[in-house]
Amino acid sequence: MENPSSERYEFKAVEAKWQRRWAEGKPYKVVADPARKKYYVLEMFPYPSGRIHMGHVRNYTIGDVIARYKRMRGYNVIHPMGWDAFGLPAENAALKRGIHPAAWTYDNIAYMRDQLKAMGLSYDWDRELATCDPSYYRWEQLIFLKMLEKGLVYRKETTVNWCESCATVLAREQVIDGCCWRCDQPVVPRTMHGWFFRITDYAEELLADLDKLTGWPEKVVTMQRNWIGRSQGLACDFPVEGSDRKITIFTTRPDTIYGVTFMSLAVEHPLVEQLSAGTEHAAAVREFVRTTLIEKQRKSLDEELDKKGVFTGAYCLNPFTGERVPVFAANFVLMEYGTGAVMAVPAHDQRDFDFANAYNLPIREVIRPAAQHPTEKLSQAYTEPGVLVDSGPFTGMDSEAAKEAIIKHAAANGFGQAQVTYRLRDWGISRQRYWGAPIPVIHCAKCGIVPVPEEQLPVVLPGTDRPDGSHAPLHQQTDFIATTCPTCAGAARRETDTMDTFVESSWYFARYTCPDCATSPLDPEQARYWLPVDQYIGGVEHAILHLLYSRFFTKVLRDLGYLNIDEPFRNLLTQGMVIKDGAKMSKSKGNVVDPNELIERYGADTVRLFSLFAAPPERDLEWNAQGVDGASRFLNKVYRLVAPVAQAGNTSPALPPLESLNEPSRALHRKTHQTIKKVTDSIESNFHFNTAISAVMELVNLASALVADGKEVAPAVLRACLDTTLLLLFPMVPHFCEELREMIGHDRSLDQSSWPDFDAEAAREEAITVIVQVNGKVRARLEVPADTGDDELQDLALADERIQKTLAGKEPKKIIVVQRKLVNIVV
RNA sequence: GCCGAAGUGGUGGAAUUGGUAGACACGCUAUCUUGAGGGGGUAGUGACCACAAGUCGUGCGAGUUCGAGUCUCGCCUUCGGCACCA
């Protein structure tokens, strides 16, 4: 006979067995069913980089628990998985190893898919998609064409952020501290043509709808709000003296307009050249522009440049005062924001103040704090609100009121109007890369830019089925480039840019609702049933880029008639990082833990359990090898509790009346129901699986102790406790629970079972501990029946020996009784 | 500089939302299980004190309250985001 204490749960065979059943029986395959309530759980899909890491394990485990839990709650749950498969690493790997990016990508997908299956994740694999597959990107190309038709796509020449090492353009969002987000090399400016999505057309809605995202972390909403960066102000024309030109400025401080003492233009501003041309200043200006551009390029991360500028030789006129002020080109004015021209009010803007001091320009105070009179020399700009002084007819007004009045005045006189400006800029999507979705347009010498006709889609990436290393950027693919113009049938050439990979990930969640639809990007009926995503889960690193683009795409697809929703993700959970030795796990730090090794050694359930138990999902998870042992020990403890019951036979006796049970049985039954409540609450409130697990541990500890002590627990009560334990743990450790459930004789699997019901009556405590405080300090504890009344509690408290001693005869001033909780005696 | 989040034992983290601070777990100590092995059981484990009694304890300082980890105000520290945005 084997020593029961050494008996262990054989995870390897068990996990293989259930994974086989899931693959064959497809219990997680779903179809739309309008009669049932749907629930869409989605984890951010992975880039097929090679193998999964602990961050993936954590992300997908969280999603899987939610999916399984919601199924037990009766929802029709869609839980898909796919691959964000275009991108630079495939090209780099291909170059390095002389294989085709497609081969590298699909090999990785095959490997990683097996890894995910080994984790026991409950995906509907029939919905799997890979964005590099023409059956996916052809619809993206169609969406592009529809957007082009609607004027939401345009081509322009711009200065772009160019990464030398990746040899591609980067979106502004992909430039981090002046370096490439991917390779960390410095980014340089470069002028070229590129395609843009008019995301700024949606800036207002993207901002306004943030208020609808009540299921998102506040932090993410705030980050998006700041990123969109709406400011309200005045656009105003300052005529150039002696010329019919004018300088248009944007300001959020129209109330300071009487304090303008000069004008600053960005060095890139076209007027800089024009105004100085042919004057004695021309050479100096040109030199200044040249050096500033170089300096800006080199600008290191957090350093602000010293304020520098050069007089253009021109003056312009303040339309409010007619006053003549000098026009400068300045290094601190951004061409990309507002109009690239700034009215300078040194008294009320620190940058202008610094500049004025450096160049000996006048500083004129026009706003004062209400109380303060005297005119001592300003030591720095006063930027707070206040009362206007020396401001013509607006003098004496409050600065907030003056903003409005001044805008009105400008509008009435035709030299300005209210204007809203955004920090957000249009999304540059052109990439000079091979491994991406081709942009479906044709350049014709005669007809210009011609969209590829819909029936010619997809524009297939050349060589995808020829893994022979022909993966050069598209502009070297002469076969691909040469085509005929759809309009005039003359010789023409294809666009060689591919789309930013963020385009693929901006709508994949919608495509999951109809991955095989062969007639349209989306099947409106499927989309209407399944969308929006009810719960989205992923890392906070996507708080701006991916989530903003997806929101934008959702609105575009709505306006194109494919969707009927405004927002893609109802609830968002941003999971924390996996940390080891105080740092995020990464290859470069050499602190990675390989999920494969863990699963091999402990089994998927143990790994899942640990990652859920060690921290709540939104917090960083500190990796701890001993914690994994602990998770493994717990499962074995449950196993040892269940195994004897399995051997005792498979009858499931009915629960006798509670009054007939002995105290240990009643206690276990009570604890069982308390645990159902605790676990349910933990999951429902904020997916705090760590506390859910600890509640089950308490239940298991109690049951184990009762059994070990030889207490006569009614078989029906123990049985119900174990059934419940397996139901509650199932979403977290599915193979384990299914196996044990089968062992104790159930023929219906947990996949077909409902979440246990909580019985408040059964959970109610018979006796409670009431604390007795004197002046707020705990002095005694009373064990009393749960229904003891207030008066009786007070009497019991006062009669308590220790309380008597503490009071030492002092007369209570006040006694506070909180039912079922405490008595506080104030003396 | 601006915005946001977080500070609780040796460690990860609990605390019914104003009512027993430290659940659950890891680690550690002692002990039992024929000696060891990532096994099991029992007891202990916030600090001070030789125990007990007691005192002190949730980043710091005030405040509200019978009662504060929780609420208010003011600081400090750490982390994240944005950053010459006019």
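Labels below follow one simple rule: chain letters A, B, ... track the order of the sequence lines, proteins then strands, and each chain is numbered from 1.
Taking the nucleotide of RNA chain B with the nearest heavy atom to each of A:Tyr602 and A:Asn226, the more 5' of the two is matched to A:Asn226.
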Identify each donor-acceptor pair in which a side-chain atom of residues 694-703 of chain A lies under 3.5 Å from a protein atom, sequence neighbours left out, and give them as a table.
residue: A:Ser694; atom: OG; partner: A:Thr691; partner atom: O; Å: 3.0
residue: A:Glu698; atom: OE1; partner: A:Lys671; partner atom: NZ; Å: 3.0
residue: A:Asn701; atom: OD1; partner: A:Lys637; partner atom: NZ; Å: 3.0
residue: A:Asn701; atom: ND2; partner: A:Met697; partner atom: O; Å: 3.4

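A side chain to side chain contact (heavy atoms under 4.5 Å, CB included) with A:Phe328 holds for exactly one of A:Leu361, A:Val333, A:Thr312, A:Val310; it is A:Leu361. Residue A:Arg253 forms a side chain to side chain contact (heavy atoms under 4.5 Å, CB included) with just one option from A:Asp349, A:Ile367, A:Leu234, and that option is A:Ile367.
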All N/O contacts under 3.5 Å from nucleotides 64-68 of chain B to the protein, with atom names and distances to one decimal?
residue: B:C66; atom: OP1; partner: A:Lys814; partner atom: NZ; Å: 3.4
residue: B:C66; atom: O2'; partner: A:Asn824; partner atom: ND2; Å: 3.3
residue: B:C66; atom: O2; partner: A:Asn824; partner atom: ND2; Å: 2.4

Just the atom pairs and distances: protein N or O near nucleotides 13-15 of chain B's N or O, under 3.5 Å.
residue: B:G13; atom: OP1; partner: A:Asp620; partner atom: O; Å: 3.3
residue: B:G13; atom: O3'; partner: A:Asn690; partner atom: ND2; Å: 3.2
residue: B:A14; atom: OP1; partner: A:Asn690; partner atom: ND2; Å: 3.0
residue: B:A14; atom: OP2; partner: A:Arg619; partner atom: NH2; Å: 3.1

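Here A:Pro616 pairs with A:Glu618, A:Arg619, A:His688, A:Asn690 under the side-chain contact (heavy atoms from CB on, under 4.5 Å) rule; sequence neighbours left out. Every residue two or more places apart in sequence or in another chain that forms a side-chain contact (heavy atoms from CB on, under 4.5 Å) with A:Phe11 is listed here: A:Tyr9, A:Glu15. The salt bridge (charged side-chain N to carboxylate O under 4.0 Å, His left out) check on A:Glu597 picks up nothing, with sequence neighbours excluded. Residues passing the side-chain contact (heavy atoms from CB on, under 4.5 Å) test with A:Ala341 are A:Ile247, A:Ile249, A:Leu265, A:His269, A:Thr339, sequence neighbours excluded. For the side-chain contact (heavy atoms from CB on, under 4.5 Å) test, residues two or more places apart in sequence or in another chain that qualify with A:Asp790 are A:Val817, A:Gln819. Legend: residues meeting ring-ring contact (aromatic ring centres under 6.0 Å, His included) with A:Tyr359, ordered by chain and number and at least two apart, are A:Phe355. Partners of A:Asp759 according to the salt bridge (charged side-chain N to carboxylate O under 4.0 Å, His left out) rule, which considers only residues two or more places apart in sequence or in another chain, do not exist here.
Distance NE2 (A:His348) to P (B:C84): 23 Å, rounded to an integer number of Å. Between A:Glu698 atom CD and B:G22 atom C1' there is a gap of 13 Å when expressed in whole angstrom units.
For RNA chain B, the residues of residues 331-340 of chain A within the heavy-atom distance limit of 4.0 Å (strictly under) are A:Phe332, A:Val333, A:Leu334, A:Tyr337, sorted by number. Within residues 624-635 of chain A, the residues having any heavy atom under 4.0 Å from RNA chain B are, by residue number, A:Asn624, A:Gln626, A:Asp629, A:Gly630, A:Arg633.
Distances from the side chain of A:Lys637 to the nucleotides B:G4, B:G54, B:G41 place B:G41 closest.
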